[in-house]
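Let me begin by presenting the structure, written as structure tokens, before commenting on it.
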Amino acid sequence: MIDKYNPQIIEKSIQDHWDANKTFESKIDDREKYYCLSMFPYPSGKLHMGHVRNYTIGDVISRYKRMQNFNVFQPMGWDAFGLPAENAAIQNKVSPKNWTDKNIENMKTQLKSLGLSYDWSKELRTCDPKYYKWEQVIFKKFYEAGLVYRKKSLVNWDPVDQTVLANEQVIDGMGWRSGAKVELKEIDQWFIKITDYAEELLDSLDNLNWPENVKLMQKNWIGKSNGAEIKYQILGTSEELTTFSTRPDTIFGVAFLALSPNHPLSIKLGDENSEVKKFLDLCKESKAAEADMATAEKLGINTGIKVSHPITNKEIPVWIGNFVLLDYGTGVVMGVPGHDARDYEFAKKYNLNIDQVIETDDNLDLPILDKGKLINSDKYDGMLSDKASNEIIKELVKSGKGSELTQFRLRDWGVSRQRYWGCPIPVVYKNGEAQLVNEKDLPVVLPELEKNKSPTPLSQIQDFINIEDGVLRESDTFDTFMDSSWYHARFTSANNDQEIFDDSTKYWLPVDLYIGGIEHAILHLLYSRFFHKALRDLGMVDGDEPFKRLLTQGMVLKDGAKMSKSKGNTVDPQSYIDKYGADTVRLYMMFTSPPEQSLEWSESSVEGASRFLKKIWSLIENKTYKPLSVDDLNFDKKDLELRQKSHATLKKVENDYEKRFSFNTAIAAIMELQNFIPDEYKNNDINESSKFCVDEAIIFILKMLSPIAPHICEHLWKKFNYDDKSIESWWPKFEEELLEVEEFELIIQVNGKVRGKTIIEKNRSQDEIENIASQLENVKAHIGDNEIKKSIYVKDKLINFVI
RNA sequence: GGGGAUGUGGUGGAACUGGUAGACACGCUUGGCUUAGAACCAAGUGCCGCAAGGCGUGGGGGUUCGACUCCCUCCAUCCCUACCA
């Protein structure tokens, strides 16, 4: 009698067994290591579908690698500092710490119920002083290495709440809580010189086994551009305005210069002129986010100042433009309306000259953005853009009005946050002068909040910031991207209180495979790469890159949209785990979409996944392995076909798991194999050769499926009783000679359309093939009386007659 | 605004290197089992057409003997845009 498949019972008992035996704790040994890391979650309270998908992918690969005899390290931890904890604390009157701790506890239980093979003995949480102590140490070392400095920069300021707002907290220009009009404000902040590594961050992308789109995004983000620095003398003074341009070939088309509203000259003019001041104030009613800046209506004001063109000496007006960023280039743009879309829009609006200085073959309407041939450019007329740029730079160098310059779009990393729930920046100010806290005095511990008191920025906690007369503590915390830039390395030495990294770090790093959401393609991954390189230069880690291979998973959607509380379209994974079991949820996640694409949630497909596991269960549950030797058996055609299918499936699944991360097609192949087993083979009273073949298929199916559905496979493996080892202790081998077939299906096309199919032996000559193909009735009918002009033969695949 | 992706039946997807479009599932239809339903089993299922056949991978154009795949162009959706993580 077949027992019913009851996932709740078997999953719980196997998970308890894993826990009790510390099955997934890793130790250094002499096997090849494999460090498989999934991006750790922000402990928001509950797992969401994106987590389930991410962590299932990582677990499938970890389990597969373990079966391939790799020494696998798969840790898990918590990105535990951040804004949501502060918001929840204000809303629910609990401290951010308690809220976070409770969430972690809950989510950890959920992760365990998914059967994820984590080494929990290395668990980290970034809000733990034992963790962030080392972050403060790193910051100090960066400071000593000259990578840290202070400068003013813009933030979203809520004048009512008197706080700095994150971009997402500014809604339609208003503070989300106060509703007050948000303004840009300049404050002093700590910066890390990521730009020192811009060139290397760009160059070493080439060697990474990462998706091309991610590498491209990083490349564009770093944004190396070659151009020129060009100086314009301000008329009536000896002062100059310096601009950066990637298109010096368009210099004869300059119609205006535009200053950033935050440029020192703009601020000076604002102090002198109330109209300018009004305009600068207007520019402050913006949001710091680039997308908002770039889509805002282009506005400007003429300063009345004029500069002289460095080549023609013509007078050029200087404007202030709200679209000019202080942080990029020199904060001054040379406006060439004929050949730049933004400059064109600006010039149209304010009736400035629009001159064409570049000509191309196909473009007629200005602005012409492509390179081409110069016109209206004096002695450079007729020259091509690239050559002209070089010549013009030469002339500017000669006259001392310019030079060649390479610029990066990448800006230094502002790490200061004016918040409570973050890692304190280990600095004190003695009489206003910043000093790093001594290493022996680290960590600077985040002060606890008074009971039932909402969190406030550290600057308002007097006991914390006032140390003694004339000595104040820094009140900013670190950007949480700091916390997540080095956790992958700390996992390897998680329990070492004496050193940040140790011999284990040397053994496990780099991460062999890093898995996480595509939304982290730029910031988190770039910061982590930078950290790794900076730590390397401090002699703290080896190698140039932290993540050898990267897998970016797509979003989990419902009704075509990202699941979110505000849209009310969330699906709670836990209810599905409770109802169907972890194996079904894991199988569903892996089967429904390839990992890199977005996944549309579908209720009924979960049923389908569950149905497949039930089929596997009823196929195997009442069967036991029978030891037989191939040499004593005589296989008939059907037996051999099944063996061929089993081995071909194993080969395909290996390729899909390893090379393509294509779990959906691997599962489809396993389903095909399961469907391929003849019904009569499913009985227990069959002859020995058939028994051997069906046993082989069962062994392969369980082995291939176990990384995805580990509980049911482990359970059935034990019952099947092939050996007394865990199912994860070895991976089967396919036999290449079984895969060789003598026949194939020839496709016959006439003018590229399929008109016939026939099964024939391989390795025939083209003449033979043509002969056979043209005999087929349907092919004959389509050729008719027409002459065959040409025939194309693709060996052992198809023949195409062209008439 | 800029950067990066995606678009294939009623649905999720497959086609890996330019060579059979729709594997594998879901759903649906019909039949079996059942008092009935659920579950399960079997057959069918891209669209139009009685059929022969034609059409078909977001729209339009191109390259090729042959295009989901390569090129141009347009449209829609999603991700990132430096203080959400």
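Naming convention: chains lettered A, B, ... in sequence-line order (proteins, then strands); numbering from 1 in each chain.
- Closest contact between the side chain of A/Ser604 and the listed nucleotides B/A23, B/G53, B/C26 involves B/C26.
- Residue A/Arg660 has a polar side-chain atom (N or O) positioned under 4.0 Å from OP1 or OP2 of B/A15.
- The interatomic distance linking A/Tyr588 (OH) with B/U11 (P) rounds to 15 Å, in whole Å.
- Note on A/Arg611: only backbone sugar-phosphate atoms sit closer than 4.0 angstrom, heavy atoms only; bases stay farther off.
- The side chain of A/Met671 sits closest to B/A25 out of B/G53, B/A25, B/G4.
- For the pair A/Lys790 and B/C65, the criterion of a side-chain N or O lying under 4.0 Å from OP1 or OP2 is met.
- Both A/Phe801 and A/Ile667 lie close to RNA chain B; mapped to their nearest nucleotides by heavy-atom distance, the more 5′-ward contact belongs to A/Ile667.
- In this structure, A/Tyr657 contributes its side chain and A/Met704 its backbone to a donor-acceptor pair below 3.5 Å.
- For A/Glu672, the side chain to side chain donor-acceptor pair (under 3.5 Å) partners at least two apart in sequence or on another chain are A/Lys645.
- Test A/Arg150, A/Lys152, A/Gln418 against A/Gln189 for side chain to side chain donor-acceptor pair (under 3.5 Å) and you get one pass: A/Gln418.
- Nucleotide B/G66 is shown with an anti base, its glycosidic torsion being more than 90° from 0.
- Screening A/Asp656, A/Thr649, A/Asn655 for a side chain to side chain donor-acceptor pair (under 3.5 Å) with A/Lys652, the sole residue that qualifies is A/Asp656.
- The shortest distance between the side-chain N/O atoms of A/Asn664 and the OP1/OP2 oxygens of B/A14 is below 4.0 Å.
- A/Lys795 is linked by a salt bridge (Lys or Arg N to Asp or Glu O under 4.0 Å) to nothing, counting only residues two or more places apart in sequence or in another chain.
- Electrostatic pairing of A/Lys193 and A/Asp412 does not count as a salt bridge here, judged by no charged N lying under 4.0 Å from a carboxylate O.
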Problem - Where protein sits on nucleotides 46-51 of chain B, one letter per nucleotide: B base, S sugar-phosphate only, - none, heavy atoms under 4.0 Å - result: ------
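- Residue A/Ser593 has a polar side-chain atom (N or O) positioned under 4.0 Å from OP1 or OP2 of B/G13.
- Contacts of A/Asp656 with the nucleic acid, taken as non-hydrogen atoms under 4.0 Å apart, are absent.
- Distance A/Gln749 CD to B/A21 P: 7 Å, rounded to the nearest Å.
- Nearest-nucleotide mapping onto RNA chain B: of A/Ser598 and A/Thr295, the residue sitting toward the 5' end is A/Thr295.
- The distance from atom NZ of A/Lys614 to atom P of B/C40 is 6 Å, rounded to the nearest whole Å.
- Remark: RNA chain B forms stems of 3 or more consecutive Watson-Crick or G-U wobble pairs, all pair distances under 3.5 Å, at B:1-7 with B:75-81, B:10-12 with B:24-26, B:27-32 with B:40-45, B:46-48 with B:53-55, B:58-62 with B:70-74.
- Salt bridge A/Glu290/A/Arg409: present, at least one basic N to carboxylate O contact under 4.0 Å.
- For the OP1/OP2 pair of B/G66 and a distance below 4.0 Å, the side-chain nitrogens and oxygens of A/Arg755 include no atom meeting the criterion.
- Residue A/Val754 is in sugar-phosphate contact alone, with no base atom involved, counting any heavy-atom pair closer than 4.0 Å across all strands shown.
- Across all strands, A/Lys789 comes closer than 4.0 Å to no nucleic acid atom at all (heavy-atom distances).
- Counting any heavy atom pair closer than 4.0 Å across all strands shown, A/Phe591 reaches a base atom.
- Atom C1' of nucleotide B/C41 and atom CG of A/Asn675 are separated by 13 Å, given to the nearest angstrom.
- With sequence neighbours left out, A/Arg755 forms a salt bridge (Lys or Arg N to Asp or Glu O under 4.0 Å) with no residue at all.
- Between A/Glu212 and A/Lys215 a salt bridge is recorded (basic side-chain N to carboxylate O distance below 4.0 Å).
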Practice task
Could you encode protein contacts along nucleotides 79-85 of chain B as a string, one character per nucleotide from 5' to 3', using B for base contact, S for sugar-phosphate-only contact and - for no contact, with a heavy-atom cut-off of under 4.0 Å?
Solution key: SSBBBSB
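- At least one side-chain heavy atom of A/Val802 sits under 4.5 Å from a side-chain heavy atom of A/Asn751.
- Taking atom OH on A/Tyr5 and atom P on B/C40, their separation rounds to 14 Å, with Å as the unit.
- One atom, CD1 of A/Ile747, and another, C1' of B/U20, lie 4 Å apart when rounded to the nearest Å.
- A/Lys615 comes within 4.0 angstrom of sugar-phosphate atoms only, judged by non-hydrogen atoms across all strands, and of no base.
- The ring-ring contact (aromatic ring centres under 6.0 Å, His included) test with A/Trp486 is passed by exactly one of A/Tyr131, A/Phe530, A/Phe478: A/Tyr131.
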